[in-house]
Amino acid sequence: SQSYPDCNHTLMLLSDSHTCPLVSTAKVGKTSLIMSLVSEEFPDDVPLRAEEITIPADVTPERVPTHIVDYSGNATDHTNNILSFLQANVICIVYSVNNKKVPLILVGNKSDLVEHSSMETILPIMNQYSDIETCVECSAKNLKNISELFYYAQKAVLHPTGPLYCPEEKEMKPSCIKSLTRIFKVSDLDNDGILNDKELNFFQRTCFNMPLAPQALEDVKNVVRKNMTDGVEDNGLTLKGFLFLHTLFIQRGRHETTWTVLRRFGYDDDLELHQEYLFPLLKIPADCTTELNHNAYLFLQSVFDKHDKDRDCALSPEEVKDLFKVFPYMPWGPDVNNTVCTNDQGWITYQGYLSQWTLTTYLDVQRCLEYLGYLGYSIICEQESQAAAITVTRNKRIDLQKKQTQRSVFRCNILGARGSGKTSFLQAFLGRNLLKQRKIREDHKSFYSINTTYVYGQEKYLLLHEVMPDFDFLSEEDLACDVVCLVYDVNNPRSFEYCAKVYKQYFMDSKTPCMMIASKSDLHEARQHYSLTPLDFCRKNKLHPPQPWTCNTVDAPNKDLYTKLTTMAMYPHAKLRCMCTCNRCTFCICQNILRSQLLTNIKAKFYSVVLNRLHDVGAYLLADEECSLIQQVHAISNVEESIYMESSGQLFVTGWADLKSSTFWLRASVGATVFAVLGFAIYRAILKQR
């Protein structure tokens, strides 16, 4: 079972009266054969070329001395090699049985010298050895089959029979059947187990750049009908019929048809998917992330609809297995069901399905490209490669400079001491309360969860990642995120200390926004063993007050915190004032003043004056055209004077006589504008100090 050490020379055996060269390509263990023969053991060190060896006659069965010469492929030994070949009586070809991939063609030359054909003798040999691609008789004198010989030679290299067909069994090899089965399932766009005329035409156009005429389609199906009963169903081609057609192509010598199909779907000569097909080149600059684009989501939606046979907007375990039959392995484990949303039966929903693809694209884009390759994205969507499905976002520093982003996926790292509720915080994002979380098996838990949130009407993905509590060492991955969530247990007096130390050590001087979560808020709040209370710590470091949170609820936990986290990730340059409800800070005092009864009365009075003015203007437009302008002004003046009398003693009284003047409205507009600008500037200054 040992493999022979390789050398770069060809081996040749010579006898005293009969020469026997052993010819082969390099690196097949030729010299090792000679050394093992002499020493009767496998050599550890093999020279580049063995010296000439003579075996005495008394140790050979035929009592004939034998000379063994190691054939060399060096150009300097070319003359000696020719002389050795001229003296040879028997030539042995040596090859490595575990690396024999060169197709062979038997060529019978000088067919002009005989009147009979030797094909009857050669064909049994061809059928016995699968490495022999074909046999051909030719004549250089009569120019018989000369061009055919080299055509078969090219065909043997470009479209070999060996990987596809077993002549002894007269059927396709398992690896070929497996590859063609995947191609059939990818081409079966509606997943009904039948290739209808539309799907056959798409397949034909994809592989051969031309559709089939209606009559040609019927002829193909008629051929299948004549040879098998279940090859055509509902006027469509079944998997058995599809495989039969390719078997027929190979048996009739049309290997190129099957090879064209295989190579179009990404297979190499060993019937393995090309690495270039599965992993196309995709450049991702630093500080950039990867997301699926709109066309990719449409493709994944079609794949979901294709396998959701019961139309319940969820994938059962059987439907998931059916979806991944085109994969060489099962890519999703049981932890996926605890990473994304599921229905009451624990099946992955449509939203959870898209979320898992989004997570894979964000965390491991190469794995996503591989998965899309198995599903045939580039073929179905008629793209050059799966890289067309990926959007590489711009650098995060540019987003910070422009104070806006086009990203759709944001990452939040969850840090906290053991038992603080990090895992529960992840599962609550998927709509699971404490009762449902207790049913999750320990070995099925996930350190990630992903779901959608809505920020100002825009759908965004928030990816939560639970970081293991190791204060002494946090990797770059633990620190690289869009927002940080520090979780502590309000019932554990030593829980907050970890959050405070992590913040001061890693995030105090960073630009990453942070939020403090007071977990298990339904329990009694214990006094934390730290120099500052959580609220004072947040005020000192200009953080939002700790946000109370619990998943010990009857219904699904509230998701407002996750929306706030997404908003902080989208706008890290802005401060989210809306989360403050302390009624003690400057912001809350300003908000209370703006909502006071005094300002409410002033706004109401101003609105009533404006509405009355608009009413008078409408009356003016509807008045009789024969009335003079003076009469209209006089009538309006009377009304204004009456309103003035009724409005006396109010907070704001404006003489209606002044309203007639256009300069009044100009002054009012300018004054209102200046007041608004100054008020806004003062407001921002107060908040900035806060």
Side-chain angles (χ1 to χ4, degrees), residues 151 155 158-161 163-166 170-267 271 273 277 295 298-299 301-309 322-323 325-326 372-384:
Y151 166 74
K155 187 176 179 180
L158 299 176
H159 313 295
T161 308
L164 306 181
Y165 190 74
C166 180
K170 295 185 178 180
E171 60 182 20
M172 288 190 297
K173 291 185 175 180
S175 57
C176 182
I177 294 176
K178 181 180 178 181
S179 302
L180 291 174
T181 300
R182 171 185 168 268
I183 293 173
F184 179 89
K185 291 189 66 66
V186 170
S187 304
D188 185 12
L189 301 179
D190 55 8
N191 198 32
D192 61 350
I194 297 173
L195 295 183
N196 55 39
D197 289 354
K198 181 180 179 181
E199 293 166 341
L200 281 172
N201 262 315
F202 179 80
F203 171 82
Q204 178 75 13
R205 189 175 66 254
T206 299
C207 297
F208 305 101
N209 297 320
M210 57 182 298
L212 282 174
Q215 186 57 47
L217 275 174
E218 287 301 317
D219 293 342
V220 169
K221 287 183 280 190
N222 288 333
V223 170
V224 177
R225 286 191 185 100
K226 291 179 180 178
N227 290 273
M228 57 192 318
T229 57
D230 53 353
V232 177
E233 292 181 5
D234 297 332
N235 201 33
L237 202 62
T238 65
L239 175 59
K240 290 184 178 180
F242 183 76
L243 296 176
F244 167 78
L245 275 179
H246 284 282
T247 304
L248 193 63
F249 291 147
I250 297 171
Q251 290 175 344
R252 294 183 178 180
R254 294 176 55 186
H255 315 90
E256 63 274 9
T257 301
T258 302
W259 274 114
T260 300
V261 172
L262 289 167
R263 287 178 176 137
R264 178 64 183 90
F265 279 79
Y267 289 94
L271 297 185
L273 288 173
Y277 170 79
N295 291 333
L298 290 179
F299 170 76
Q301 178 182 350
S302 67
V303 173
F304 182 92
D305 294 337
K306 173 179 175 179
H307 293 88
D308 184 20
K309 296 181 179 180
D322 185 51
L323 190 154
K325 279 185 178 179
V326 295
L372 290 174
Y374 293 138
L375 292 174
Y377 172 83
S378 61
I379 297 165
I380 302 301
C381 295
E382 301 181 73
Q383 299 289 340
E384 184 177 352

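We use all heavy atoms of the structure for the numbers below, so side chains are in, but hydrogens, waters and symmetry mates are not. Here the structure is a predicted model, which means the values were calculated and not measured.
- Rounding to the nearest 0.5 Å places CG of Asn222 at 11.0 Å from CG of Asn227.
- A pairwise comparison of heavy atoms in Lys240 and Asp230 identifies NZ-OD2, 3.0 Å as the closest pair.
- Side-chain atoms of Leu239 and Leu195, non-hydrogen and from C-beta on, never get closer than 4.5 Å to each other.
- Using cut-offs of 30° and 60° on the angle between ring planes, the pair Phe242 and Phe184 is tilted.
- Not one N or O on the side chain of Asn196 forms a donor-acceptor pair closer than 3.5 Å with the backbone of Gly236.
- Looking at every heavy atom in both residues, Leu237 comes nearest to Val232 through CD1-CG2, 4.3 Å.
- Put simply, CG on Leu243 and SG on Cys176 are 8.0 Å apart, with the number rounded to the nearest 0.5 Å.
- Side-chain contact check for His307 versus Asn191: some heavy-atom pair is nearer than 4.5 Å.
- For the atom pair Arg254 CZ and Leu248 CG, the distance stands at 8.5 Å (nearest 0.5 Å).
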Begin from the C-alpha positions of Arg205 and Phe202 and carry the test side chain to side chain contact (heavy atoms under 4.5 Å, CB included) through to its verdict.
CA-CA 5 Å; Arg205 189 175 66 254; Phe202 179 80; 3.2 Å; yes

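- Glu171 has its side chain out of reach of Thr247: every pair of non-hydrogen atoms, C-beta onward, lies at least 4.5 Å apart.
- Although no hydrogens or angles enter the test, the distance criterion places no donor-acceptor pair under 3.5 Å between the side chain of Glu218 and the main chain of Gln215.
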What do the steps show when you test Val261 against His246 for side chain to side chain contact (heavy atoms under 4.5 Å, CB included), and what is the final call?
CA-CA 10 Å; Val261 172; His246 284 282; 4.0 Å; yes

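- Contact annotation: the side chain of Leu217 never approaches that of Gln204 to less than 4.5 Å [non-hydrogen atoms, C-beta and beyond].
- One N or O on the side chain of Thr238 and one on the backbone of Gly231 form a donor-acceptor pair closer than 3.5 Å.
- The line from OG1 of Thr161 to CH2 of Trp259 is 9.5 Å long, rounded to the nearest 0.5 Å.
- Of the possible polar contacts, none joining the Asn295 side chain to the Phe299 backbone as a donor-acceptor pair under 3.5 Å is found.
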Verdict with reasoning, Asp322 to Lys185, per salt bridge (charged side-chain N to carboxylate O under 4.0 Å, His left out)
CA-CA 10 Å; Asp322 185 51; Lys185 291 189 66 66; 3.5 Å; yes

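- Rounding to the nearest 0.5 angstrom, the gap separating the CE atom in Met228 from the CG atom in Leu245 is 9.0 Å.
- The shortest non-hydrogen separation linking Asp190 to Ile194 is OD1-O, 4.2 Å.
- Nearest heavy atoms, Tyr277 versus Ile379: OH-CD1, 4.1 Å.
- No donor-acceptor pair closer than 3.5 Å links the side chain of Gln383 to the backbone N or O of Tyr377.
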Side chain to side chain contact (heavy atoms under 4.5 Å, CB included) assessment of Tyr165 paired with Phe249:
CA-CA 11 Å; Tyr165 190 74; Phe249 291 147; over 6 Å; no

Between Arg182 and Lys178, does a side chain to side chain contact (heavy atoms under 4.5 Å, CB included) hold up when you go through it step by step?
CA-CA 6 Å; Arg182 171 185 168 268; Lys178 181 180 178 181; over 6 Å; no

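- By the 4.5 Å heavy-atom criterion applied to side chains, Lys173 and Cys166 are counted as neighbours.
- Leu375 and Val186 make their closest contact through O-CG1, 3.8 Å (heavy atoms, listed as atom of the first residue, atom of the second, distance).
- Rounded to the nearest 0.5 angstrom, Met172 CE and Leu164 CG are separated by 8.5 Å.
- At least one side-chain heavy atom of Phe265 sits under 4.5 Å from a side-chain heavy atom of Ser187.
- Annotation: side chain of Asp197 is in contact with side chain of Lys221 (closest heavy-atom distance under 4.5 Å).
- Tyr267 is not listed as a side-chain neighbour of Ser175, based on a closest heavy-atom distance of 4.5 Å or more.
- Minimum interatomic distance between Leu212 and Asn201 (heavy atoms only, all atoms of both residues): N-OD1, 2.9 Å.
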